[in-house]
Amino acid sequence: MRNDNLKSYLNLHLIVFIWGFTAILGALITIDAENLVWYRMLIAMIFLGGFIAVKKQSFQVPIKEFFKLIFVGLLIALHWIFFFKAIHVSNVSITLSIFSLGAFFASLLEPLFYGRKVLWYEVFFGLVIIAGLGLILQVEIKYLTGVYYALAAIILGVLFTLMNGKLISDHEPSVITFYEFGAGVFFITIYFLFQGKFTADFFQMSLNNWMLLLILASVCTAYAFTASVKVMQKLTPYTVMLTTNLEPVYGIVLAYFILGGKEKMSVEFYIGAVIIIITVILNGVFKHYQNKKENL
């Protein structure tokens with residue numbers, strides 16, 4: 001892996017750690033998943049708008065690209081709604097463990113998006129991830145609904161990651177993310193208007209919820225999401241998705257210390273976590289030698 005890619009790869013791990021903390025915040029914030037995502041995207045969009053204005057970046061994007069960003073924004077909103085629903089109906093451990101399937105889905109879909117051949121080791125690593133998931137995931141029947149929500153979330157996550165990978169070449173990550181979040185807020189707002197959800201109670205939250213939402217929207221969303229899009233300028237979407245398999249490891253460890261004993265993991269989890277970590281390292285090694293060959 002080239003030095004510039006190495007910096008992006010390390011930054012990606014910091015982002016994934018932050019994403020792991022996102023699940024903890026989702027468990028601690030005591031409002032519905034749809035409401036949480038609406039507030040998250042709205043506040044994050046405001047932060048990003050301010051950042052773009054301060055940096056004097058242009059908000060302009062071609063009309064064709066604009067509609068693509070609108071569609072990606074819808075996918076992101078649905079992804080987060082399903083994600084937080086999964087946490088609420090199951091727990092952090094179950095939800096984050098399912099996210100390990102993302103690498104496998106990406107290895108299958110990325111060649112379709114980018115018109116390249118399927119690399120054998122990407123599929124192999126995806127299968128290894130599933131093996132690690134099998135050890136991590138101790139699913140009881142009462143968590144089955146949470147598993148379905150988490151699967152829907154990760155499939156949507158793979159799709160918008162791949163689509164963002166094709167949009168970043170011509171636009172600033174912060175501008176892309178600003179419009180995507182704006183689209184998410186728009187679609188959820190339309191849904192809320194039809195449902196009559198904008199009541200006085202909707203805007204009345206505890207101080208604790210407001211503080212957690214601000215952290216979620218600023219650090220875990222505006223920064224992390226924009227940074228992840230920027231990282232994709234150096235790394236392939238598959239590498240991004242594979243590395244995010246550390247999110248269950250980070251998130252579940254954090255959940256154990258913050259949320260208490262209900263998130264205590266089995267021995268199988270730790271074995272599965274080691275398998276995932278080794279797979280991520282091997283992916284970096286393979287890409288390192290691949291880049292060396294390309295530079296000869």
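Start at 1 with the first residue, then count along the sequence.
The shortest non-hydrogen separation linking Ala27 to Val92 is CB-CG2, 4.1 Å. Scanning all heavy atoms of the two residues, the minimum distance from Leu96 to Gly251 falls at CD1-CA, 3.5 Å. Heavy-atom minimum distance, Leu28 versus Leu259: CD2-CD2, 3.5 Å. The shortest non-hydrogen separation linking Ala217 to Ala44 is O-CB, 3.4 Å. Across every non-hydrogen atom of Ala86 and Ala150, the tightest pair is CB-N, 3.7 Å. Contact detail for Ile76 and Met41: the closest heavy-atom pair is CG2-CE, 3.9 Å.
Remark: Leu75 CG to Thr161 OG1 distance equals 10.0 Å, nearest 0.5 Å. Between His79 atom NE2 and Ile154 atom CD1 the span is 6.5 Å, to the nearest 0.5 Å. Put simply, CG on Leu214 and CG on Leu25 are 11.0 Å apart, with the number rounded to the nearest 0.5 Å. Annotation: the span from Leu74 atom CG to Ile188 atom CD1 amounts to 9.0 Å, rounded to 0.5 Å. Note that the CG atom of Leu159 and the CG atom of Asn164 stand 11.5 Å from one another [nearest 0.5 Å]. Remark: Ile52 CD1 to Met45 CE distance equals 10.5 Å, nearest 0.5 Å.
With sequence neighbours excluded, the residues forming a side chain to side chain contact (heavy atoms under 4.5 Å, CB included) with Thr22 are Trp19, Arg40, Phe83, Phe84, Leu216, Cys220, listed by chain and number. Residues satisfying the salt bridge (Lys or Arg N to Asp or Glu O under 4.0 Å) criterion with Glu34, sequence neighbours excluded, are Lys85. Take Leu151 and apply the side chain to side chain contact (heavy atoms under 4.5 Å, CB included) test, not counting sequence neighbours, and it matches Ile98, Leu101, Val147. For Ile278, the side chain to side chain contact (heavy atoms under 4.5 Å, CB included) partners two or more places apart in sequence, or in a different chain, are Val274, Leu282. Applying the side-chain hydrogen bond (donor to acceptor under 3.5 Å, both in side chains) criterion to Thr189, with sequence neighbours excluded, gives Trp38. Annotation: side chain to side chain contact (heavy atoms under 4.5 Å, CB included) contacts of Leu207 (sequence neighbours excluded): Met211. Checked against side-chain hydrogen bond (donor to acceptor under 3.5 Å, both in side chains), Trp80 has no partners two or more places apart in sequence or in another chain. With sequence neighbours excluded, no residue forms a ring-ring contact (aromatic ring centres under 6.0 Å, His included) with Phe51. With sequence neighbours excluded, the residues satisfying ring-ring contact (aromatic ring centres under 6.0 Å, His included) with Phe17 are Tyr250.
Considering only heavy atoms from C-beta on, Val37 stays 4.5 Å or farther from Leu78 through its side chain. Side-chain contact between Phe21 and Val219 is absent, with no heavy-atom pair separated by less than 4.5 Å.
Both Ile190 and Ile81 belong to a common hydrophobic cluster when Ile, Leu, Val, Met, Phe, Trp and Tyr are linked at side-chain heavy-atom distances under 4.5 angstrom. Hydrophobic cluster membership is shared by Val89 and Ile155, with clusters built from Ile, Leu, Val, Met, Phe, Trp and Tyr side chains linked at under 4.5 angstrom. No continuous path of hydrophobic side-chain contacts links Ile258 to Ile18 [ILVMFWY only; heavy atoms under 4.5 Å]. The hydrophobic clustering, which links ILVMFWY residues whose side-chain heavy atoms are closer than 4.5 Å, places Phe181 and Met163 together. Connection of Phe82 to Phe71 is established within a shared hydrophobic cluster, with ILVMFWY side chains joined at heavy-atom distances below 4.5 Å, either directly or through further cluster members.
For Phe202 and Tyr39, the distance between ring centers is under 6.0 angstrom.
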Please report the C-alpha distance between Phe160 and Glu180 in whole Å, then the side-chain angles of each, then the deciding distance to 0.1 Å, and finally whether the side-chain contact (heavy atoms from CB on, under 4.5 Å) criterion is met.
CA-CA 10 Å; Phe160 80 68; Glu180 289 174 346; over 6 Å; no
Give the table of side-chain donor-acceptor pairs shorter than 3.5 Å for residues 57-70, with sequence neighbours excluded, one pair per line with atom names and distance.
residue, atom, partner, partner atom, Å
Gln57, OE1, Ser174, OG, 2.7
Ser58, OG, Gln60, N, 3.1

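Annotation: Phe187, atom CZ; neighbour count of heavy atoms from other residues, nucleotides and ligands within 6.0 Å is above 12. More than 12 heavy atoms of other residues, nucleotides or ligands lie within 6.0 Å of CZ in Phe203, so this atom counts as buried by the packing criterion. By the neighbour-count criterion of 12 heavy atoms within 6.0 Å, atom OH of Tyr148 is sparsely surrounded, having that number or fewer from other residues, nucleotides or ligands.
For residues 193-203, the set of pairs meeting the side-chain hydrogen bond (donor to acceptor under 3.5 Å, both in side chains) definition, not counting sequence neighbours, comprises Asn35-Lys197.
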